[in-house]
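Predicted, not measured: the structure shown is a model, and the values here were computed from it. Per chain, numbering begins at 1; letters A, B, ... match sequence-line order.
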Amino acid sequence: MKKFYITTAIDYANGKPHLGHAYEKVLTDVIARSRRMMGEEVHFLTGLDEHGQKVQQTARNRGIEPIELCDEAARDFQALCRDLEISNDDFIRTTEDRHKRVVRQILQKLYDEGQIYKAEYTGHYSTRVEQFLRERDRNEDGEWPDEYGEVVEITESNYFFKLGAYQDWLIGFLNDNPDFIFPRFRQKQVLEFLKDPINDLCISRPVERLAWGIPLPFDEEYVTYVWFDALVNYISAVGYGEERFEDYWPADFHVIGKDILVPPHAVYWPIMLKAAGVPLPRAILAHGWWLKSGQKMAKSTGNIVDPLDLIGEFGPDAFRYFVTREMNVGQDSNFSLDLFLSRYNSDLANDLGNLVSRTLNMIGRYCDGTVPGASIEGEPESELRALWEETRTGSAELYAEMQFHAALDKTFAFIRAINRYAEQRSPWKLAKSADPEDRRIVETALATMAEGVRLSVALLKPVMPGTADRVCGLLGMTGVREWEKDLTWSAVLEENRTAPSEILFPRPKSELSGS
RNA sequence: GCCAGGAUAGCUCAGCGGUAGAGCAGAGGACUCAUAAGCCUUUGGUCGGCGGUUCAAAUCCGCCUCCUGGCACCA
């Protein structure tokens, strides 16, 4: 059976993980986990892009081998995945044999077919940064900026891929497949870009300038450069050329940042695949950026400077919740500690955490720690159940439309409704009564609250996997498995032994001094 | 300059032709099972500006202003 195959972009090894990396992994993970909840078999790939000039330079500056630098980066990025509870099934590194083999295989194939050719290029070369410069790198006065040091005009031979030959084909493809890129306005941007002619793509560097790369199979004096290395990870990781490849490819989603949509993922990659006779991925999801409005980040809680510190401080689920709730996929969003704390306190601690706490506490106090049965169906109960049905169907649609922030909004509206329901029934008042009818209301109320909590966290599982399972545990059941079953209002909790009340999201110590 | 996205309550945003909405923050209140949480009530906006279409415009059209990003071949 074909799996649901989803990827993130691979991160560049010459850098430390930051908010953008973390967000992309969480977003992809939310999609991957939600698909699993829907019963699909998912294959989730992320990884590291390790070749190239910057890695070579940084390693040289530090006096270590490039691979040592990459090993470090791999540790950092894999640790990030662990810390965020990312459920990736694989982590590819472009220095692995399985990757290099496929890159060379593809290059050789294209070369044999005459789709790669050798040509000369003359341009302005900076010896200091070891790069060719573009005309727009010049200062306004026409001089080269000082940072480039000496700039000389040189001629160099390189290999080129016949990108331009496929321009019309790509335009046609995009017109025929308006949903290829999400959000749609991004696809329009690509078509806009394709209105001007595109040139062929230089895919090599001479080894004397760049040694840290994959040698061209047909000319060992060169290594391949950037795109024919990095992009190929999407197919090399799932066994291109082997039988099992069919189980994965085509990918269902490439999740990327908007910065690498045009031209790499929307132009180079589709054309590379087309040229190599490989089917195209089903869709590309281009997300926006986090704008940091947080100069005050350091002040408020004393020691939080980096957004990633929030993971350690508040837990992965709080971080995952925040970035998913606050970002409208495709657009940019603001990140600040104040916004984070606001979400954490009001949504997680006050609405959800406190609800779990009061529910468990009352079940312990009034029902000896056993979930009672609901024997009454009054107006408060039917209203809450009706809202649940709406929440459930509405969320499913929103998930399908990538509107995760809206889905969370809906889910928390339901959680707030449970708190409202609790006030309507006020079991803590009726618990003092000796009237059996009052007793039935108390039991119904607590059963209803417990069930509401169970359903809520089941729905939250893709975003807050740890919390979902933890709450299930507190309610005396194993974790969430499948939405098909777990989102149905039921009496599965009845007679379950519950745990003593726990604080899911403790209030931060010094949150009031904010702004 | 060209293209795209955005400009709606103090903050983050929804609404996209029919008497201005949500959450948070602020104010007041009743309660006490709970993380001084939750619940109820409430203050608050000439929907960026100017014109136009329409019986009716945040909502459609035109012009303008201000943010954000992209404009390749990083050879």
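Close to B:C39, at under 4.0 Å from its OP1 or OP2, lies no side-chain N or O of A:Asn419. Of the side-chain N and O atoms in A:Arg420, one or more sit less than 4.0 angstrom from OP1 or OP2 of B:C40. A sub-4.0 Å separation between OP1 or OP2 of B:A37 and a side-chain N or O of A:Arg507 is present. Using a 4.0 Å cut-off, some side-chain N or O of A:Asn361 falls inside it from OP1 or OP2 of B:A34. In terms of phosphate contacts, A:Arg365 brings a side-chain nitrogen or oxygen within less than 4.0 Å of OP1 or OP2 of B:A34. Look at A:Asn328 and you'll find a side-chain N or O under 4.0 angstrom from OP1 or OP2 of B:A14.
Checking B:G23, B:A72, B:U35 against the side-chain heavy atoms of A:Leu504 singles out B:U35 as nearest. Closest to the A:Arg358 side chain, of the nucleotides B:G6, B:A72, B:C33, is B:C33. Listed candidates were B:U12, B:A4, B:C33. Nearest to the side chain of A:Met362 is B:C33. With distances taken from any side-chain atom of A:Lys258 to the nucleotides B:G69, B:U12, B:A34, the minimum falls on B:G69. When the nucleotides B:A34, B:U32, B:G23 are ranked by their closest atom to the side chain of A:Glu423, B:A34 comes out on top. Comparing atom distances between the A:Ile503 side chain and each of B:U35, B:C33, B:G5 picks out B:U35 as nearest. Closest to the A:Asn354 side chain, of the nucleotides B:G38, B:A4, B:U12, is B:G38.
Put simply, CG on A:Leu352 is 16 Å from C1' on B:G23, counting in whole angstrom units. Rounded to whole Å, atom P of B:A30 lies 13 Å from atom NZ of A:Lys429. Here the C1' atom of nucleotide B:C11 and the CZ atom of A:Phe340 are 17 Å apart, to the nearest Å.
Side chains of A:Glu113 and A:Gln115: a donor-acceptor N/O pair is present below 3.5 angstrom, by distance only. Under the 3.5 Å distance criterion, with hydrogens and angles disregarded, a donor-acceptor pair is assigned to the side chains of A:Tyr117 and A:Asp200.
Judged by the 6.0 Å distance and 45° axis criteria, A:Arg343 is not positioned over the aromatic ring of A:Phe322.
Residues A:Pro281 and A:Leu273 have side chains in contact (heavy-atom distance under 4.5 Å, counting atoms from C-beta outward).
Look at B:A56: its glycosidic torsion is beyond 90° from 0, and that puts it in the anti range.
The closest donor-acceptor contact from the side chain of A:Asp409 to the backbone of A:His405 lies at 3.5 Å or more, if one exists at all.
Of the nucleotides present, B:U12 is the one that pairs with B:A22 by Watson-Crick or G-U wobble criteria, both distances under 3.5 Å.
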